[in-house]
Amino acid sequence: MSTPSASEIIYQGLWKNNPGLVQLLGLCPLLAISNTFVNALGMSLATIAVLTASNFVVALSRPVVREEIRVPMFVLVIAGFVGIVQQVMQAWFYDLYQILGIFIPLIVTNCIILGRAEAFASRQPLWAATLDGLSMGTGFMLVLLSLGGMREMIGSGTLFADAWLIFGEQAEVLTISLSEDARGMLLFALPPGAFLGLGLLVALKNVVDERMKKPRSVSVELSQTITAKP
Amino acid sequence: MDINSKSPAAGGRLPDWLRPGGLLGIFSLAFIFGLSLTFELTRDRVTEQERLRLRSQLQELLVPGSYDNAPDEDVFTDSSTGRVVYRARQQQQPVAALLHTVAPDGYSGSINLLVGITIDGKLLGVRVLSHNETPGLGDAIELRRSDWVLGFTGRSLDSPPADQWAVKKDGGVFDAFTGATITPRAVVNEIRNTLVYYQQNHQEIFR
C-alpha cells in the first residue's frame, strides 16, 4: 500500500471517506451524544485525542509488533489512551465528564479507532498515521458538531447551552436562545432526532457530491453524441 | 508462515513461541505505568473537584450565614439504610440536615435527590442531582429546565397534610407535567418518605 499525500489524507478524513457520513462508523457516540453542541464538542475532542494518539503509537510500534498479536495490541493501546483521557477529563472538566459519563469509556469500542489502526496506521509511516488520526477525528467532529448544533436548535431552541462546561464561567454569555419561550421540537432532542438528523446530513453530502460531479457528466454526454454521428 | 527468517539473531533471549506474549506483556506494563502516572497526577484534582461540587450543591440549599460548620465534612451515614446525611450547625447547635436520597421508581431508573430539611422539619429545598428521565418531558424536575422543584421549599409533613402529599393525579396538591406523571410522582413520594425518615430519626442523626 503506497502512502497517500498529506492533502489526500486530509481530504479522505474530512470529506471523501468521512467516518460519520461515509464509513458510518462510531454511530453509538455519534447518535447518543449529539443532543447538544457542547456535549458533541466534548465527545469529539476526546475522540480526536484517542484516535490520534493510538494511530501514532500503532505506527510507531509497527516494526516490532507481529501479525499474531496485532489486534490485541491495538485494543491495548486504545484502552490505555481512553483511560488516560478519562482521567484527565475528570480532573479538568469534571461537570462535562459527569454528563458524558459512560460514553467516555465506550470510546474504546468506537470502530473508527480500531478501524483506522488496522486499515491505515499499521501500514503507513508515522507522519501519515498521525495526520490520518487527526483528519479522521476532525471529520468525525464536524459531523458530530453539525448534528449536535442542529438537534439542539430544533430540539431545545438554544445553541451553545452549557458552554461553561468546557470554556469556564465567563462563557455563559455564549448561549443563544432562539426565541423567548422555545420548548423546541421534542422529537429532535430524543433518539429518533439523531437518526433523522444523521440521515439528512448523509443525504446532504450525497447531493453536494452529485452537484460537483454534474459538469463532468454533461461533457461526457456531449462527446458521446458527437462521436456517435459519423 | 515463516517468522523465524525475520530476525534470527535479534531478541535471542526469548524462545520464539514466547516472543509475541512477551511483547504484549511489555506493552501492557508500559500502559499500566502510563495510566498509574496519570491517575497519580490527577487524583488530587479529581477529589478536589468532587468536594467542590458537593459543597456547592449543599450551599445552594442552605440559607447563607445560618451555619458555621462545613456540612460536607459533617457526614452521618445510617448504617442500616445506607443513607448519607450532611449536617449543618451553628455554634455546635444543629440547624439543618441535607439528605442524599434516591427515588427508585422514576420513568427510567433512579433519580438522585438532595433534600434539605431544617431542624424543625421544614423543607429548605430539593435538588435533583442526577436522573435519566426523558428530555423535554420528565427533565422538568431539574431546576435549569423549570422551577417546579422550588415548589417544595417551606413544605413539611403538616403542610400539606399527609394524605395530600402526592401529585394532583393521585389526589394530592403537587403539579405533574404534561405528558409525564411517573417522574414527578416518584420525586414527590421520595421527598415525603425522606421527611418521614427525618422525623423518625432526627435524634439519631444529630446525636
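Proteins get letters first, then strands, A, B, ... in listed order; numbering begins at 1 in each. Since the structure is predicted, the reported quantities are computational estimates derived from the model, not experimental observations.
Note: A:Ser156 OG to B:Asp139 CG = 9.0 Å, rounded to the nearest 0.5 Å. Put simply, CG on B:Leu24 and CG on A:Leu76 are 7.0 Å apart, with the number rounded to the nearest 0.5 Å. Atoms OG1 and CE, from B:Thr42 and A:Met89 in turn, are 13.5 Å apart once rounded to the nearest 0.5 Å. The CG atom of B:Leu35 sits 9.5 Å away from atom CD of A:Gln86, with the distance rounded to the nearest 0.5 Å. Atoms CD and CD, on B:Glu50 and A:Gln90 in that order, are 6.5 Å from each other to the nearest 0.5 Å. To the nearest 0.5 Å, the span separating OG on B:Ser56 from CG on A:Asp95 amounts to 8.0 Å.
The interface of residues 172-196 of chain B with chain A, defined by heavy-atom distances below 4.5 Å, is empty.
Around the OH atom of B:Tyr107, the shell of radius 6.0 Å holds no more than 12 heavy atoms that belong to other residues, nucleotides or ligands. Taking a 6.0 Å sphere around CD of B:Gln92, one finds it holds 12 or fewer heavy atoms contributed by other residues, nucleotides or ligands. Taking a 6.0 Å sphere around NZ of B:Lys122, one finds it holds 12 or fewer heavy atoms contributed by other residues, nucleotides or ligands.
For A:Leu190, the part lying near chain B is the side chain, with the backbone staying farther off; criterion is any non-hydrogen pair under 4.5 Å. Proximity to chain A is absent for every atom of B:Arg145, based on heavy atoms less than 4.5 angstrom apart. Contacts of A:Phe81 with chain B are made by both backbone and side-chain atoms, with heavy-atom separations under 4.5 Å. At a 4.5 Å heavy-atom cutoff, the contact between A:Gln98 and chain B is made by side-chain atoms alone. Contacts between B:Glu48 and chain A at a heavy-atom distance below 4.5 Å are absent for every atom of the residue.
When every heavy atom of A:Ser61 is checked against every heavy atom of B:Phe27, the shortest pair comes out as CB-CZ, 3.6 Å. Of all heavy-atom pairs between B:Leu23 and A:Val64, the closest is CD2-O, 3.2 Å.
Among B:Gln49, B:Arg43, B:Arg144, the residue with the largest count of heavy-atom pairs under 4.5 Å with chain A is B:Gln49.
In this structure, B:Arg45 contributes its side chain and A:Ala91 its backbone to a donor-acceptor pair below 3.5 Å. A donor-acceptor contact shorter than 3.5 Å is absent between the side chain of A:Gln87 and the backbone of B:Phe39.
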